[in-house]
Amino acid sequence: MNTDAPLVPAPLPENLVAPARAGRALVMGVVNVTPDSFSDGGRWVTTELAVAHGRQLIAQGADLLDVGGESTRPGARRVDPAEEQNRVLPVIRELAAAGIAVSVDTIHAATAAAAIEAGAVIVNDVSGGLADPAMAGVLAAAGVVYICQHWRGDPRTMDGLTDYGGDVLAGVEAELRARLDHLADAGLADEQVVIDPGLGFAKTHEQSWRLLAATARLREDLRRPVLIGASRKRFLALALPDDVAADPLARDAATAATTALAAAAGAWAVRVHEVPASRDAVRTASLWKETR
Ligand code: PMM
């Protein structure tokens, strides 16, 4: 088996298919329309600011945008789906109308359905369908690409759910496999589904590093494209000098380094807040892979 052969999710617009076929990881720029996200909370909270920020990320080289209206940082309070939709739908509508590929970051089936209606081509669900039993039905009916992230509990409980019996990779793979079975039973096609180990979600820092380093293994074992979301996360602090480690904005260089490593390991996409360095990192990884 050629484990380097690209795994390309479908259906997606051509601008997302071509790089993936050529073996270049996609850069997904984060647009958080939330007052309380851990890394950029409150900065893009109006529709106008969020759309302008999204357009800037595209101009900087993002391939697609991930628009979310509910913060998932540890301890964050849950957002009512109606409030979430008020935040994200106008932003998605405007970005999609401008021809930009948009993913909606939501754990709510009703928000996913409304976002697809507004033009989103991907549903990114940090709960992998566990938060809302109606999610799989919406995805099967709409036929869109789904990012199925590993999750064990919401932001208020997840930091206490890190016992994997000594083998985080085996635990995450087994739990993701169960989600893949659930999605197949609900009628999703295999190529609709991207997997994500959920760095920082019910993981210690060391467990997040172990999963990041296992990007190629995850892809090969589960035979699905992999998305990596390392951007500005707390586990990166282990790679930083003590005096800056606590500042999420000081983690962008380490984020770009994880982008290069994940892309070289065959990740389909990386989800990042700061685009230019990751844009260059995915191309660096492509050249590395082509010429090694
Ligand atoms: N991380 C966050 C939010 N959404 N989605 C996926 N698929 N993977 C992630 O790792 C992920 C995500 C948390 O980061 P943020 O609050 O800065 O957006």
Side-chain angles (χ1 to χ4, degrees), residues 9 25-45 50 53-54 57 62 64-79 84 87-88 91 102-108 111-112 115 120 122-131 135 139 144-152 154-156 158-159 172 176 179 193-203 205 207-209 211-212 215 218 224-236 247-252 254-255 258-259 262 267-275 278:
L26 301 174
V27 176
M28 171 191 265
V30 178
V31 179
N32 280 324
V33 200
T34 58
D36 61 349
S37 182
F38 84 95
S39 56
D40 56 2
R43 291 178 66 194
W44 324 114
V45 81
H53 181 55
L57 296 182
L64 73 161
L65 299 176
D66 189 39
V67 179
E70 176 173 22
S71 171
T72 50
R73 84 192 151 104
R77 78 174 177 84
R78 297 296 289 272
V79 173
E84 180 189 34
R87 293 177 184 177
V88 299
V91 177
V102 177
S103 150
V104 61
D105 188 342
T106 186
I107 61 174
H108 300 116
T111 302
I122 299 177
V123 174
N124 172 28
D125 176 2
V126 298
S127 84
L130 287 170
M135 185 61 96
L139 300 163
V144 298
V145 166
Y146 180 52
I147 299 168
C148 177
Q149 195 206 265
H150 177 263
W151 192 78
R152 280 186 156 186
D154 72 28
R156 282 167 309 182
M158 63 185 182
D159 280 354
V172 166
L176 277 177
R179 301 316 300 154
V193 185
V194 172
I195 54 167
D196 178 340
L199 305 180
F201 288 80
K203 317 287 179 329
H205 295 352
Q207 287 168 341
S208 289
W209 280 106
L211 290 164
L212 174 63
T215 299
L218 274 167
R224 292 291 186 289
V226 175
L227 180 136
I228 292 293
S231 187
R232 295 182 179 168
K233 287 191 177 163
R234 289 174 300 161
F235 79 98
L236 296 175
D247 175 10
L249 296 175
R251 299 175 191 154
D252 281 336
T255 298
T258 66
T259 291
W268 166 72
V270 292
R271 179 184 180 279
V272 296
H273 301 87
E274 199 254 347
V275 164
S278 281

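Counting starts at 1 for both ligands and their atoms, in listed order.
Between D196 and R271 no salt bridge is recorded (no basic side-chain N to carboxylate O distance below 4.0 Å). Of the charged side-chain nitrogens involved, none lies within less than 4.0 Å of a carboxylate oxygen, so that D125 and R179 do not count as a salt-bridged pair.
Taking any N or O of S71, backbone or side chain, none lies under 3.5 Å from an N or O belonging to ligand 1. By the 3.5 Å distance cut-off applied to N or O atoms, D196 is counted among the residues near ligand 1. Distances between N or O atoms of G229 and those of ligand 1 include at least one value under 3.5 Å.
What you find for A62 and V275 is that their closest heavy atoms are N-CG1, 3.5 Å. Pairing each heavy atom of S278 with each of T259, the nearest pair is OG-OG1, 2.8 Å. Closest approach of V33 and A50 over heavy atoms only: CG2-CB, 4.1 Å.
Comparing H150, K233, R271, E70 by heavy-atom distance to atom 10 (O) of ligand 1, the nearest is K233.
Shown in contact with V126 at under 4.0 Å from a heavy atom are these atoms of ligand 1, numbered in order with element: 4 (N), 5 (N), 12 (C). The ligand atoms of ligand 1 that sit less than 4.0 angstrom from a heavy atom of N124 are 5 (N), 6 (C), 7 (N). Atom numbering of ligand 1 starts at 1 in the shown order; those under 4.0 Å from a heavy atom of I147 are 7 (N). For ligand 1, the atoms lying closer than 4.0 Å to a non-hydrogen atom of N32 are 15 (P), 17 (O), 18 (O).
Contacts of L227 with ligand 1, taken as heavy-atom pairs under 4.0 Å, involve the side chain alone. In R232, neither the side chain nor the backbone holds a heavy atom less than 4.0 Å from any atom of ligand 1. With a 4.0 Å heavy-atom cut-off, ligand 1 is reached by no atom of I228.
Applying the salt bridge (charged side-chain N to carboxylate O under 4.0 Å, His left out) rule to R78 yields the partners E70, D154; only residues at least two apart in sequence or on another chain are considered. Remark: D247 pairs with no residue by the salt bridge (charged side-chain N to carboxylate O under 4.0 Å, His left out) rule, at least two apart or across chains.
One side chain, E84 or T106, offers a donor N or O that lies under 3.5 Å from an acceptor on the other.
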